Number of protein chains: 2
Amino acid sequence: MSANDLRVVKTKQALHNALLTLLSEKPLENITIAEICRVAKVNRGTFYLHYEQKEGLFEEYFQEIMEDLHNSYEEPYRAVTTLDKNQIDPKTIRIFHHIERFKIFYRIVFSKNVPLTYYYMLFDGIFSLLKRDITIHHKIHDEISIEYYSAYQANAIIGLIIQWYRQDFEDSVSTLNKQLAAILRIGEK
Amino acid sequence: MSANDLRVVKTKQALHNALLTLLSEKPLENITIAEICRVAKVNRGTFYLHYEQKEGLFEEYFQEIMEDLHNSYEEPYRAVTTLDKNQIDPKTIRIFHHIERFKIFYRIVFSKNVPLTYYYMLFDGIFSLLKRDITIHHKIHDEISIEYYSAYQANAIIGLIIQWYRQDFEDSVSTLNKQLAAILRIGEK
DNA sequence: TATTTTTATGAACATATGTTCAATATCTAA
DNA sequence: TTAGATATTGAACATATGTTCATAAAAATA
């Protein structure tokens with residue numbers, strides 16, 4: 001199962017396209033493996049050569065989206081000397097931008113019948129970004145575990161995103177930004 | 001499908017017991033509906049009369065656990081006059097106690113192949129508890145949406161629980177308590 | 001280009017899913 | 001206690017899942 005083998009590339013591409021086509025018609029939960037294979041014109045046995053479940057196929061997409069999250073966050077850091085009290089760390093707002101950019105996918109990621117896998121992929125993504133920043137910039141009291149602290153902060157942000165998702169991402173990125181800034185200000189006074 | 005009908009009660013009980021038996025042998029994902037029905041000696045068609053997926057059966061259990069969460073939190077509030085700086089709101093620590101008490105179930109709730117439904121049930125549970133407390137006790141700046149703020153706080157706590165789960169709940173409730181207290185203290189200075 | 005290695009295919013099989021229906025068993029309410 | 005209401009059953013059916021295997025097709029490499 002060499003990832004470079006042209007046959008493998010072709011097969012996976014066909015399956016990816018088929019999934020995308022079907023996703024525009026109905027939710028992931030109503031799509032069957034047999035269906036994907038029929039549309040992709042790929043033998044069903046071949047599917048099982050590469051994946052275990054249809055969810056694995058979507059996971060491959062989501063992997064790429066996680067790379068975008070990483071890249072967005074890593075963009076050349078434009079140091080802001082005096083932060084507007086109403087704005088938060090410019091690196092964090094990029095997370096919200098990223099979610100909005102891929103909201104079509106995040107509607108699937110946050111839908112209730114989908115496995116937790118994708119949630120954890122997002123969690124791990126934000127977790128590792130925050131953890132690195134927390135380790136570098138903040139000096140944290142000894143008694144705090146960086147792991148717990150990062151998990152706390154990462155999931156708190158996802159909490160905002162869940163709330164956002166539940167209104168179908170109607171609020172603007174800037175609203176999310178302001179809400180987070182205001183919440184963070186509460187502790188400071 | 002009257003919930004009081006003895007036949008319904010009996011059928012559901014048999015399915016519940018069968019699921020519990022099977023869960024002690026293997027993970028939820030490897031259990032089939034047909035298997036549950038065989039063990040429960042219930043016709044497979046009867047299963048579909050009450051549930052759509054095996055996950056719905058587990059959801060019924062989890063519903064009861066969510067009631068325990070609610071009750072734990074609602075326990076007569078023993079007002080603590082001087083809060084130990086290292087301890088957090090005594091109501092919140094009860095959440096950690098609750099998780100530990102039902103950790104057998106939470107290992108399922110947080111496992112990656114399970115649907116997000118249970119996560120949302122927990123989220124909604126903690127969300128509504130916090131929201132009520134936030135609305136009553138804290139006076140929040142106008143610009144903050146109580147919804148976003150509650151979602152932030154609720155999911156932050158679940159973030160700690162995820163981190164806790166990933167070490168198979170090895171840390172003590174008291175450790176979690178201290179970590180949260182320390183994290184909350186960061187913003188205060 | 002020819003040979004070797006690897007992947008994809010089609011067919012078949014046992015089992016699971018999801019649904020329907022008439023027949024039967026069991027409960028509720030009078 | 002009985003009559004009527006409703007839940008359960010068993011059987012059947014079409015389709016999906018997950019696996020195996022020999023064969024064919026296509027790629028890598030020498």
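Hydrogens, waters and symmetry mates are skipped; everything else that's a heavy atom, side chains included, is used. Lettering follows sequence order; numbering is per chain, from 1. Small disclaimer: the values here were computed from a predicted structure and weren't measured.
Each end of the helix from C:dT1-D:dA30 to C:dA30-D:dT1 gets its own axis from five base pairs, and the two axes differ in direction by 40°, given to 10 degrees.
With contacts defined as side-chain heavy-atom distances shorter than 4.5 Å, the pair B:Y119/B:I158 qualifies.
The residues A:E74 and A:R132 are annotated as salt-bridged, a charged nitrogen and a carboxylate oxygen being separated by less than 4.0 angstrom. Classification of A:R166 and B:E147 as a salt-bridged pair fails, no side-chain N sitting under 4.0 Å from a carboxylate O. By the 4.0 Å N-to-carboxylate-O rule, B:D168 lies close enough to B:R107 to be salt-bridged with it. By the 4.0 Å N-to-carboxylate-O rule, B:E143 lies close enough to A:R185 to be salt-bridged with it.
Residues B:Y120 and A:Y165 come closest through the heavy atom pair OH-CE2, 3.8 Å. Nearest heavy atoms, B:K54 versus B:E29: NZ-O, 3.4 Å.
Taking a 4.0 Å limit (strictly below) on heavy-atom distances, residues 48-62 of chain B reaches DNA chain D at B:L49, B:H50. Taking a 4.0 Å limit (strictly below) on heavy-atom distances, residues 26-45 of chain A reaches DNA chain D at A:T32, A:I33, A:A34, A:R38, A:R44.
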Open item on the list: Pair A:Y73, A:H97 - check ring pair (Phe, Tyr, Trp, His ring centres under 6.0 Å), show working.
Closed with: CA-CA 10 Å; A:Y73 199 85; A:H97 269 123; over 10 Å; no
- [ ] Take B:E52 and B:Y48 through the test side-chain hydrogen bond (donor to acceptor under 3.5 Å, both in side chains) and record every step on the way to the result.
- [x] CA-CA 6 Å; B:E52 296 193 340; B:Y48 289 104; over 6 Å; no
- [ ] Check the pair B:Y148 / B:Y152 against ring pair (Phe, Tyr, Trp, His ring centres under 6.0 Å), numbers first and verdict last.
- [x] CA-CA 6 Å; B:Y148 274 121; B:Y152 181 93; over 10 Å; no
TODO: Take B:F169 and B:I99, measure what side chain to side chain contact (heavy atoms under 4.5 Å, CB included) needs, and give me the verdict at the end.
DONE: CA-CA 9 Å; B:F169 301 111; B:I99 301 283; 3.7 Å; yes
Pairs under 3.5 angstrom, nitrogen or oxygen only, protein versus nucleotides 24-29 of chain D, please.
unit_1, atom_1, unit_2, atom_2, d
D:dA26, N3, A:R7, NH1, 2.9

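Between A:Y118 and the choices A:Y61, A:F105, A:F58, A:F123, the ring pair (Phe, Tyr, Trp, His ring centres under 6.0 Å) rule is met once, by A:F58.
Protein atom CG of B:L15 is 14 Å distant from nucleotide atom C1' of D:dT9, rounded to whole Å.
If you walk DNA chain C from 5' to 3' and mark each nucleotide with an atom closer than 4.0 Å to a heavy atom of chain A, the marks span C:dT6 to C:dG10.
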Report all side-chain donor-acceptor pairs from residues 39-46 of chain B shorter than 3.5 Å, counting only partners two or more places apart or in another chain.
unit_1, atom_1, unit_2, atom_2, d
B:N43, OD1, B:G45, N, 2.8
B:T46, OG1, B:N43, O, 3.4

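Side-chain polar atoms of B:D171 and B:Q167 form a donor-acceptor pair below 3.5 angstrom.
Although no hydrogens or angles enter the test, the distance criterion places no donor-acceptor pair under 3.5 Å between the side chain of A:Q63 and the main chain of A:E60.
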